[in-house]
Chemist: 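One structure is given below, represented as structure tokens, and several questions about it will come after.
Residue indices begin at 1 and follow the sequence shown. All heavy atoms count here, side chains included; hydrogens, waters and symmetry mates do not. Not measured: the values here are computed from a predicted model.
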Amino acid sequence: RQNVLVWKKINIAEEDKPTKRRQHTITLHDSKLFLFGGQNFLDGNNEKLNDLWYMDLNAESDKYHQWEKLKNNDVTATDNNVQKYAHSAVVHNNTLYIYGGKNANDDPLNDLCRLNIQTINNARNNPWTKLDTRGAVAMAHHSADISGNIMYLFDKKTLYDVDLNNNNNNYTFSSHS
């Protein structure tokens with residue numbers, strides 16, 4: 001008999017949930033989904049978002065899953081509370097990393113920010129940290145993934161890597177065309 005994967009709709013409580021959006025990221029860590037940023041295009045609105053939400057997929061109340069907006073919902077480490085969309089996100093060692101994207105003025109960004117998500121209280125109470133980088137390239141609409149300690153970013157035709165297990169907090173990006 002062949003194993004078959006089946007999509008299943010998750011029932012979500014109607015109250016207190018993220019607005020409809022696109023060009024956001026959703027990242028899984030343990031049993032928790034973290035949703036960050038994006039664009040809201042409802043009713044002709046072109047609002048850029050910088051909110052951070054989470055949902056524990058193991059916690060189900062009355063057959064519904066519940067989103068929670070975390071209190072520190074701004075990437076305050078970046079200039080002027082940047083709203084981000086078209087960015088990338090990965091999780092490494094209980095830390096959520098957000099890279100690049102575009103801001104509210106549609107300018108491409110080259111910043112790397114991190115947030116401790118070891119516990120929900122960490123994610124709720126700790127600030128975002130903007131990391132010092134070398135060789136970082138402004139990019140949006142790119143993809144990212146993690147293998148071991150290395151975060152890989154792919155933009156158009158170039159692959160970049162950066163070692164996230166960096167003890168001197170100076171993150172150097174290398175490119176491979």
Side-chain angles (χ1 to χ4, degrees), residues 1-78 80-104 106 109 111-131 140-148 151-154 164:
R1 182 172 164 195
Q2 184 177 359
N3 290 335
V4 176
L5 298 176
V6 177
W7 285 97
K8 176 185 163 191
K9 182 176 180 180
I10 297 174
N11 294 319
I12 299 173
E14 284 299 314
E15 66 278 351
D16 219 16
K17 64 182 183 180
T19 59
K20 292 181 180 178
R21 63 190 66 212
R22 68 181 192 175
Q23 299 185 57
H24 56 282
T25 53
I26 191 159
T27 310
L28 179 66
H29 177 58
D30 294 333
S31 66
K32 295 171 183 65
L33 287 176
F34 289 88
L35 181 144
F36 178 77
Q39 276 183 300
N40 174 354
F41 273 103
L42 298 177
D43 302 322
N45 182 359
N46 191 16
E47 178 187 14
K48 281 40 171 213
L49 304 167
N50 64 352
D51 49 353
L52 178 66
W53 294 77
Y54 94 98
M55 175 191 294
D56 189 339
L57 296 175
N58 286 340
E60 192 172 342
S61 171
D62 299 324
K63 303 286 183 206
Y64 289 95
H65 287 83
Q66 183 72 42
W67 281 107
E68 180 183 332
K69 188 174 186 178
L70 298 175
K71 289 183 181 177
N72 64 329
N73 59 356
D74 300 326
V75 184
T76 55
T78 59
N80 302 320
N81 280 340
V82 172
Q83 293 92 7
K84 284 180 173 280
Y85 72 99
H87 55 280
S88 60
V90 298
V91 172
H92 175 63
N93 288 345
N94 298 312
T95 303
L96 176 63
Y97 290 87
I98 303 286
Y99 183 75
K102 290 187 176 182
N103 63 17
D106 298 321
L109 304 169
D111 56 346
L112 177 62
C113 299
R114 72 177 174 203
L115 179 68
N116 180 340
I117 58 171
Q118 184 168 5
T119 68
I120 292 305
N121 279 336
N122 289 136
R124 185 180 291 120
N125 298 319
N126 291 340
W128 287 93
T129 302
K130 184 175 180 180
L131 303 173
H141 308 285
H142 59 282
S143 55
D145 208 341
I146 189 105
S147 179
M151 178 175 68
Y152 293 94
L153 299 146
F154 186 75
L164 296 179

Chemist: What residues, two or more places apart in sequence or in another chain, satisfy side-chain hydrogen bond (donor to acceptor under 3.5 Å, both in side chains) together with Asp16?
Modeler: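 Applying side-chain hydrogen bond (donor to acceptor under 3.5 Å, both in side chains) to Asp16 gives none.
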Chemist: With sequence neighbours excluded, what pairs up with Leu5 under the side-chain contact (heavy atoms from CB on, under 4.5 Å) test?
Modeler: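 side-chain contact (heavy atoms from CB on, under 4.5 Å) list for Leu5, sorted by chain: empty.
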Chemist: Mind checking what makes side-chain hydrogen bond (donor to acceptor under 3.5 Å, both in side chains) contact with Thr95, not counting sequence neighbours?
Modeler: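 Partners of Thr95 by the side-chain hydrogen bond (donor to acceptor under 3.5 Å, both in side chains) criterion come out as none, since no residue qualifies.
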Chemist: Measure the spacing between CG of Leu52 and CD of Glu68 and express it to the nearest 0.5 Å.
Modeler: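 Interatomic distance, Leu52 CG to Glu68 CD, rounded to 0.5 Å: 10.0 Å.
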Chemist: Within the structure provided, determine whether Asp106 and Tyr85 are in side-chain contact (heavy-atom separation under 4.5 Å).
Modeler: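 A side-chain contact under 4.5 Å exists here.
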Chemist: CG of Leu33 to OH of Tyr54: how many Å apart, nearest 0.5 Å?
Modeler: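 Taking CG in Leu33 and OH in Tyr54, the distance rounds to 11.5 Å.
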Chemist: Going by the rule side-chain hydrogen bond (donor to acceptor under 3.5 Å, both in side chains), which residues pair with Thr25 if we only count those two or more places apart in sequence or in a different chain?
Modeler: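 Expected list: His87.
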Chemist: Looking at Gln66 and Met55, what are the two nearest heavy atoms and their distance?
Modeler: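 Heavy atoms of Gln66 and Met55 come nearest at O-CG, 3.7 Å.
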Chemist: Please report the closest heavy-atom contact between Leu115 and Pro127, naming both atoms and the distance.
Modeler: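 So the two residues come closest at CD1-O, 3.7 Å.
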Chemist: Can you tell me how far apart CG (Leu164) and CD1 (Ile146) are? Round to the nearest 0.5 Å.
Modeler: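 The CG atom of Leu164 sits 4.5 Å away from the CD1 atom of Ile146.
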Chemist: Partners of His24 by side-chain contact (heavy atoms from CB on, under 4.5 Å), sequence neighbours excluded?
Modeler: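 For His24 the side-chain contact (heavy atoms from CB on, under 4.5 Å) partners, ignoring immediate neighbours, are Arg21, Leu35.
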Chemist: Applying salt bridge (charged side-chain N to carboxylate O under 4.0 Å, His left out), which residue pairs with at least one partner in residues 24-39 are found, sequence neighbours left out?
Modeler: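 Residue pairs with at least one partner in residues 24-39: Lys32-Asp56.
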Chemist: Within the structure provided, determine whether Trp53 and Thr19 are in side-chain contact (heavy-atom separation under 4.5 Å).
Modeler: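 No; the side chains remain at least 4.5 Å from each other.
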Chemist: Is it the case that the side chain of Lys84 and the backbone of Gly100 share a donor-acceptor pair, with hydrogens and angles ignored and the cut-off at 3.5 Å?
Modeler: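 Checked: pair present.
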Chemist: Given side chains that start at C-beta, do those of Leu49 and Glu47 come closer than 4.5 Å, heavy atoms only?
Modeler: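 Side-chain contact under 4.5 Å: yes.
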Chemist: Under the side-chain contact (heavy atoms from CB on, under 4.5 Å) test, which residues partner Asn94, sequence neighbours left out?
Modeler: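 His29, Gln118.
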Chemist: Distance from Asn93 atom CG to Arg114 atom CZ, nearest 0.5 Å?
Modeler: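 CZ of Arg114 is found 10.5 Å from CG of Asn93.
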Chemist: Could you give the distance from CG (Leu112) to CG (Leu153), rounded to the nearest 0.5 Å?
Modeler: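 Here the interatomic distance stands at 8.5 Å.
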Chemist: Which heavy-atom pair separates Leu28 from Val91 by the least distance, and what is that distance?
Modeler: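 Heavy atoms of Leu28 and Val91 come nearest at O-CG2, 4.3 Å.
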Chemist: Output the distance between atom CZ (Phe36) and atom CG (Leu70), rounded to the nearest 0.5 Å.
Modeler: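 So the gap between those two atoms works out to 11.5 Å.
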Chemist: With Ala140, which residues qualify under side-chain contact (heavy atoms from CB on, under 4.5 Å), at least two apart?
Modeler: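 Checked Ala140 against side-chain contact (heavy atoms from CB on, under 4.5 Å); matches are Ala86, Lys102.
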Chemist: Please enumerate all residues that pass ring pair (Phe, Tyr, Trp, His ring centres under 6.0 Å) together with Tyr99, with sequence neighbours excluded.
Modeler: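 Only His142, Phe173 meet the ring pair (Phe, Tyr, Trp, His ring centres under 6.0 Å) criterion with Tyr99.
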Chemist: Do you know which two heavy atoms are closest between Ala104 and Gln83, and how far apart they sit?
Modeler: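 Distance-wise, the nearest heavy atoms are CB-OE1, 3.3 Å.
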